[in-house]
Amino acid sequence: MKAGFFRPSIEKDFEYFVRNIGKLQPAEFCGLAKILSVPMVNQEKLEGLPPEQIKKLELEEKENYLIEFTRPMDVVLEEMMDRYLTLSKKRRKEINQILKDVQRGK
């Protein structure tokens, strides 16, 4: 009998998720955050700015824009893990399949 046979499904799914999320490229990580509905940008800082100023920041000062408005990765990662744990079994399997497909494509 396998050692992890009686472990709950969510524990195995989460372990797979955590082990493989660190292998993602930055763009893949951002895509997964989007799938999990975890924002990468601090919306509170952007709320007071007019749309034309936001567009100008995005176009002209890309580095400053990213540094100033991007949420810390540890906060994003923690929120992604929390969100993952609230998913249904079917949705967790879909997310893990995405992680498998990404790894296969490399």
Side-chain angles (χ1 to χ4, degrees):
M1 203 181 298
K2 285 181 132 181
F5 183 72
F6 290 108
R7 285 183 21 206
S9 175
I10 192 166
E11 187 178 323
K12 289 187 280 187
D13 291 348
F14 186 68
E15 182 181 316
Y16 183 85
F17 176 76
V18 170
R19 191 177 27 204
N20 287 286
I21 197 169
K23 298 175 184 176
L24 296 175
Q25 295 296 316
E28 296 164 345
F29 182 86
C30 292
L32 184 59
K34 186 171 182 83
I35 290 170
L36 291 170
S37 300
V38 175
M40 297 292 293
V41 175
N42 189 343
Q43 292 297 327
E44 295 162 357
K45 286 187 176 182
L46 289 174
E47 284 177 2
L49 299 176
E52 57 275 357
Q53 187 176 357
I54 293 172
K55 196 67 170 170
K56 181 180 176 186
L57 284 170
E58 288 175 349
L59 296 174
E60 295 177 4
E61 303 172 14
K62 206 154 200 75
E63 288 180 18
N64 291 336
Y65 174 81
L66 292 174
I67 291 168
E68 190 172 341
F69 296 107
T70 303
R71 296 173 68 207
M73 288 303 113
D74 60 330
V75 173
V76 172
L77 180 59
E78 184 177 339
E79 195 171 324
M80 287 172 70
M81 290 189 291
D82 289 344
R83 192 70 51 96
Y84 181 86
L85 290 172
T86 65
L87 298 174
S88 67
K89 182 178 180 175
K90 180 180 178 186
R91 191 72 173 129
R92 287 193 317 268
K93 295 289 184 191
E94 290 172 352
I95 297 293
N96 285 349
Q97 186 61 50
I98 290 170
L99 290 172
K100 283 180 190 175
D101 292 345
V102 167
Q103 292 304 315
R104 253 188 251 136
K106 290 185 179 181

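Residues: numbered from 1 along the sequence shown.
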Between CG on residue Leu87 and CZ on residue Phe17, distance to nearest 0.5 Å | 8.5 Å
For Asp13, does its backbone N or O pair with a side-chain atom of Arg92 as donor and acceptor, under 3.5 Å?
-> no
Carboxylate-amine/guanidinium contact Lys12 Glu15, below 4.0 Å | no
Taking atom CZ of Phe29 and atom CE of Met40, what is their separation to the nearest 0.5 Å?
-> 5.5 Å
Is there a path of hydrophobic side-chain contacts, each under 4.5 Å between heavy atoms of I, L, V, M, F, W or Y residues, that connects Val18 with Leu36?
-> yes
The reported gap from CG in Asn96 to CZ in Arg19 (rounded to nearest 0.5 angstrom) is 9.5 Å
Sub-4.5 Å side-chain heavy-atom contact between Arg104 and Asp101 | yes
Do the side chains of Gln97 and Lys100 get nearer than 4.5 Å, heavy atoms only?
-> yes
With a 4.5 Å heavy-atom cut-off, do Leu32 and Val38 have their side chains touching?
-> no
Approximate separation, where rounding is to 0.5 Å, of Thr86 OG1 and Arg91 CZ = 10.5 Å
So which heavy atom on Val76 is nearest to which on Pro39, and how close?
-> CG2-O, 3.9 Å
Does atom CD of Glu78 have more than 12 heavy-atom neighbours, drawn from other residues, nucleotides or ligands, at distances under 6.0 Å?
-> no
Would you say the side chain of Met81 lies within less than 4.5 Å of the side chain of Leu85, judging by non-hydrogen atoms?
-> no
Looking at SG of Cys30 and CE of Met73, how far apart are the two atoms once the value is rounded to the nearest 0.5 Å?
-> 6.0 Å
Side chain of Glu11, backbone of Pro8: donor and acceptor closer than 3.5 Å?
-> no
Calculate, to the nearest 0.5 Å, the distance between atoms CE and CD1 belonging to Met80 and Ile95 respectively.
-> 8.5 Å
